[in-house]
2 protein chains.
Amino acid sequence: MGDMIHFPQEEPDFQAALSTSMVVFGFDGVDLKILLAKSTRPPFEGALFLPSRYLKANEELLLSAKKMFNDLFGYDNPSMVEQLRAFGQVFRHPGGRVVNIAHYALVNTDDFRTEEWEHHGMHWVPVNEVPDLAFDHNDIVDYARERLKRRVRRRPVGFDLLPKEFTLGQLQNLYEKAMRKTFDKRNFRKKLFKSKLLVDLEKKSDGSGYGQHKGSQLFSFNDEAYSIMTLKGYDFVF
Amino acid sequence: MGDMIHFPQEEPDFQAALSTSMVVFGFDGVDLKILLAKSTRPPFEGALFLPSRYLKANEELLLSAKKMFNDLFGYDNPSMVEQLRAFGQVFRHPGGRVVNIAHYALVNTDDFRTEEWEHHGMHWVPVNEVPDLAFDHNDIVDYARERLKRRVRRRPVGFDLLPKEFTLGQLQNLYEKAMRKTFDKRNFRKKLFKSKLLVDLEKKSDGSGYGQHKGSQLFSFNDEAYSIMTLKGYDFVF
DNA sequence: TCAAAAGTGTTGGGGGTACACCCATGC
DNA sequence: GCATGGGTGTACCCCCAACACTTTTGA
């Protein structure tokens, strides 16, 4: 009652801990997946959860998430790590209050340092097959999927997810998985071509890329158009 | 390096404090405003900032924000208090780390308990005239305005902001202020009428409501259509 | 030979956008 | 009478949505 107006004078309660979890969306050419960790030691052996860490009291929120991204993937991805929001309701740690500042990122699954992390139980799981996770991490995943859906609608997203050279089948497949609906092939192509986002590489896939049909046309993104549309946004209405 | 995969075993650092600030958008019939507090005592005398409070270690994030809303307005508004995100970069408290979980809310300015709060320096300021604020509160306001813009685009928002009976001029004015662009009067009306959101009250304003032109038609919202569109969303494309 | 994906055009309808004038009110 | 806002209809054009068949490849 009236507490808040004393804000600058009032004393904060320095007893909470901060953690950050990351929903890493990865595309392998066919499926949209997220990265999960599995605890391999007691007392939480077998528990699945999002890649997470506790923050030191002096760590920046976003920088900490980007550092975690770099640990996992070995490179920086300045644009595609974003905060989702704070989750503080469900997780109760016996030692006290923990608030989780969740983030998400988009990658191509090939970029994951599999060999370095797999013995820690890190692995990809298709977004439609995410099992029960520890803490409130299922809520975080759900929230991230909604955010991704909205993002796909307003900005191009393929650049970080697809291989450098991709087919229209892969692109449509990615959009359908992210937006959880199907599109008419002809209308999808028409819209993409009109957007000037795609560069026709004038060669055909040899079928070696996962999810690529041999003989289908290869494309890459027009960096300039992609940047502009990332900044200005657009409407991908279907 | 590899910290995050020990998450369940690792020890949290219980040294951070949590605060919550609220961007309260209010409409008075003409202007879209936000509520600011002014510190009236040293050592921060004169500093302007968002209504804020520190959280106790056992308080829920959203409930705490809703409680603050109730303190300010004297009623509960379950649907229109939402979390924005966590802000942790700028504010440095001498006592340690503080992370601010910001929220926003929509109200009609008439609902504000002015008499109870004005001697604490609480007052409305038009969104276009927000001065420099303490801490990183300007960042929070900017973020909230972007969120409001997106929300107006996808869901009806007038219900919480407008008086029970309002004119189309007021409604259009509100949408223009929130979305920071102007609309063609005839097209705006056509779109709203088509949406079935409006109920023609079949009476005209006597000009006593602030921002109401005498003689213009009064409307209210169709509760049912409003609820459905709040749940399902739509596209307000202009 | 069979299944799966690639590739390709047209049509109709709905809706976004642009645009101008008269009336009512208050000062 | 002058300024401000209220109220009203039409025409164009773009783009979304629906729709089917042939070809290539691999199993």
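Letters A, B, ... are given to chains in the order of the sequence lines, protein chains preceding strands, and every chain is numbered from 1. Keep in mind the model is a prediction, meaning the values are calculated, not measured. The basis for the numbers below is simple: all heavy atoms, side chains too, and nothing from hydrogens, waters or symmetry mates.
- The aromatic rings of A:W124 and A:F112 stand perpendicular to each other, their planes meeting at an angle above 60°, with 30° marking the opposite boundary.
- In this structure, B:K194 places its NZ atom 8 Å from C1' of C:dG14, rounding to the nearest Å.
- Ring planes of A:F166 and A:F221: tilted class, angle from 30 to 60°.
- Salt bridge annotation for A:D31-A:K177: present, with a cationic side-chain nitrogen under 4.0 angstrom from a carboxylate oxygen.
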For nucleotides 5-12 of chain C, which of its nitrogen or oxygen atoms have a protein nitrogen or oxygen under 3.5 Å away, and what is each distance?
| from | atom 1 | to | atom 2 | distance (Å) |
| --- | --- | --- | --- | --- |
| C:dA6 | N7 | A:K185 | NZ | 3.0 |
| C:dG7 | OP1 | A:Q217 | N | 2.7 |
| C:dG7 | OP2 | A:R189 | NH1 | 3.2 |
| C:dG7 | N7 | A:K185 | NZ | 2.9 |
| C:dG7 | O6 | A:K185 | NZ | 3.1 |
| C:dG9 | O6 | A:R186 | NE | 3.4 |
| C:dT10 | O4 | A:K190 | NZ | 2.8 |

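- Put simply, CD on B:Q212 is 13 Å from P on C:dG26, counting in whole angstrom units.
- When rounded to the nearest whole Å, the span between CG of A:N173 and C1' of C:dA4 equals 13 Å.
- What separates CZ of B:F236 from C1' of C:dG15 is a distance of 14 Å, to the nearest Å.
- Atom-to-atom, NZ of B:K203 to C1' of D:dG6 comes out at 19 Å; the value is rounded to the nearest Å.
- For residues 195-216 of chain B, there are no ring pair (Phe, Tyr, Trp, His ring centres under 6.0 Å) pairs, not counting sequence neighbours.
- Rounding to whole angstrom units, CZ of residue A:F183 and P of D:dA18 are separated by 13 Å.
- When rounded to the nearest whole Å, the span between CG of B:L192 and P of D:dG6 equals 14 Å.
- Within the structure, side chain to side chain donor-acceptor pair (under 3.5 Å) contacts touching residues 227-238 of chain A (residues at least two apart or in different chains) are A:R154-A:D235, A:D235-B:R153.
- Salt bridge annotation for B:E82-B:R147: present, with a cationic side-chain nitrogen under 4.0 angstrom from a carboxylate oxygen.
- B:D235 has its CG atom 15 Å from the C1' atom of C:dG14, to the nearest Å.
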